[in-house]
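One structure is given here, and the rest of the page talks about it.
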Amino acid sequence: MVEIETRKDTQVFDLLHKELERQRQGIELIASENFTSLQVLQAMGTCPTNKYAEGYPGKRYYGGCEVVDEIETLAIERLKKVFNCTWANVQPHSGASANGAVFLAVMKPGEKFLGLDLSMGGHLTHGSPANFSGKTYQAVHYGVTKNGYVDYEQLESKARAEKPKMIICGASAYSREWDYERIRAIGDEIGAIVFADIAHPAGLIASGLLNDPFDHCHIVSSTTHKTLRGPRGGIIMLRHDFENPWGIKDPKGNLRTMSQLLDLAVFPGLQGGPLEHVIAAKAVSFGEILAEDFRAYSKQIISNAQAMARSFVNRGYNLISDGTDNHLMLIDLRNKNLTGKKAQETLDKAHITLNKNAVPFDDKSPFVTSGIRIGVPAVTTRGMKEDHMETVVEMIDKILMNADDENTIISVRADVKEFMKQFPLYPELGPLI
Ligand code: DSN
């Protein structure tokens, strides 16, 4: 860690201090966020940020890589244990970069793939027209049924009709389990690659609490900073490396195994120098996941999410699919005469942070939306249990039912600040990071 005396840039460090205080005082319910351990944070602020290491351990384009080789190898070996897989790439800078590399490895521009529609809970990189995935490749989509579950019949009929080269399963705003086996069966029937993006539920999968995609999906990608509670970043994994039956070639026209295609796609295909300080922090977080208490943390996430979902339902909120199997829930606010935008902005004023989100079959624009997405990984890290979920929902409900009343906002903001004192964040850091 940088010592306080060396911090001359007060302008930036004052802002970092402000952000730390914001994180400490607020209730963080953004489903894709979490708080790393102090040692993960410390590993990130270290000297490998100074090092170029293009290539992979033992095969670099720069000298002086012997130590970062050890760091990256340790990260890979730990990650392989976390997901019981045989190959992993820890270099993607983000989940979007990991997905970009998967596309680059297996798809030619213009080829077709099938993914969950963004407006139904999917992700930008699963074929949004605004994203490289929708611009470079031909995206077709499946959705969810009226009751909020993935429409597997639609997925199967679209797969048969469209014959995509790849089917993506995974989502950003979906609170239910995935039937990877069923998706693989349709993939096999039409000869498609099945790719799971587990960025959201990865920690719950690593803990054995949700279905395991690895035996059914050819390729799996994730972020490292959500339920995995690591630093901001991406990863790609294979449980079983394989000669690719699709005859996909590398840029030189050689047939390669899937792991070789993916390695080539991350570097030199998409990225240059890996962020070895972040990879060091990934290694630390993978070590934490391998420790016994991570499973207990993951169990608490699901338990908290279900307690929170029940509490919202009891107050007349309309949850998509009526509940959750994982760490998040999606709420349709139309019966409360509120938009997602209004809810997000009002809750923000009381230091309760979440995001507006389109709900399936939404009639409002993505800038307004009819819903909000709520996740509990971050508050679970802070130490909250089921009973605290009731208190949090009570505060949210008070704000939403009095969204134009400044006095209510001021009073709940004070309650939030007081409430969060029970759940210290990085106390070792004192007032400054
Ligand atoms: N932006 C992330 C999320 O909030 O789910 C996904 O990349």
Side-chain angles (χ1 to χ4, degrees), residues 23 26-36 92-103 115-135 139 141 144 148 150 168-176 178 195-205 210 213 219-237 270-271 278 282 301 305 320-321 324-331 340-341 343-345 347-348 352-360 362 366-369 371-381:
Q23 292 187 11
I27 299 180
E28 183 52 72
L29 296 171
I30 293 177
S32 47
E33 294 191 9
N34 209 333
F35 300 107
T36 70
H93 301 331
S94 67
S97 305
N99 290 355
V102 173
F103 274 98
L116 179 62
D117 201 305
L118 180 62
S119 69
M120 299 272 178
H123 187 250
L124 275 174
T125 57
H126 301 177
S128 157
N131 182 262
F132 79 90
S133 55
K135 287 180 191 286
H141 288 115
V144 299
V150 163
I168 308 182
C169 36
S172 272
Y174 184 63
S175 63
R176 293 298 180 181
W178 283 83
F195 163 35
D197 173 351
I198 60 167
H200 267 267
L204 309 178
I205 291 169
L210 291 178
I219 307 169
V220 179
S221 76
S222 182
T223 52
T224 45
H225 48 275
K226 299 186 176 97
T227 47
L228 287 177
R229 209 165 61 180
R232 193 158 286 280
I235 44 179
I236 310 173
M237 297 152 288
L270 196 68
Q271 296 186 169
V278 177
K282 286 177 180 173
I301 289 180
I320 305 304
S321 85
T324 180
D325 295 326
N326 57 27
H327 60 296
L328 67 80
M329 66 212 72
L330 196 55
I331 303 182
K341 182 174 189 284
Q344 178 192 307
E345 288 173 358
L347 288 163
D348 235 356
I352 298 174
T353 321
L354 45 68
N355 64 287
K356 63 176 182 260
N357 213 102
V359 293
D362 209 326
F367 300 103
V368 178
T369 79
I372 47 176
R373 185 185 65 163
I374 304 187
V376 298
V379 290
T380 306
T381 297

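Quick note: numbers below take in every heavy atom, side chains included, and nothing from hydrogens, waters or symmetry partners. Start at 1 and go down the list; that is how both ligands and their atoms are numbered.
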Record the part of His225 in heavy-atom contact with ligand 1 below 4.0 Å; permitted values are side chain, backbone, both and neither.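 No part of His225 comes within reach of ligand 1.
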In terms of atom number and element, which parts of ligand 1 are under 4.0 angstrom from non-hydrogen atoms of Ser32?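 Listed by number with element, the hits are 3 (C), 4 (O), 5 (O).
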Number the atoms of ligand 1 from 1 as they appear, then name those within less than 4.0 Å of a heavy atom of Ser172, with their elements.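 Answer for ligand 1: 5 (O), 6 (C).
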If you have a sec, work out which protein heavy atom is nearest atom 7 (O) of ligand 1 and how many Å separate them, to one decimal?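 Ranking protein heavy atoms by distance from atom 7 (O) of ligand 1, first comes His123 NE2, 2.8 Å.
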Looking at atom 5 (O) of ligand 1, what's its closest protein heavy atom, distance included?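 Nearest neighbour among protein heavy atoms for atom 5 (O) of ligand 1, to 0.1 Å: His200 NE2, 2.7 Å.
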Short side-chain donor-acceptor distance under 3.5 Å, [Y] and [X]:
X: Arg373; Y: Ser172; value: no
X: Asn34; Y: Thr381; value: yes
X: Asn326; Y: His200; value: no

Just so I know, are the side chains of Ile301 and Leu204 near enough to count as touching, which here means a heavy-atom distance under 4.5 Å?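 Side-chain contact under 4.5 Å: yes.
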Test side-chain contact (heavy atoms from CB on, under 4.5 Å) applied to Ile374 and Ile331, Ile30, Leu328, the passing residue: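 Answer to the side-chain contact (heavy atoms from CB on, under 4.5 Å) test with Ile374 among Ile331, Ile30, Leu328: Ile331.
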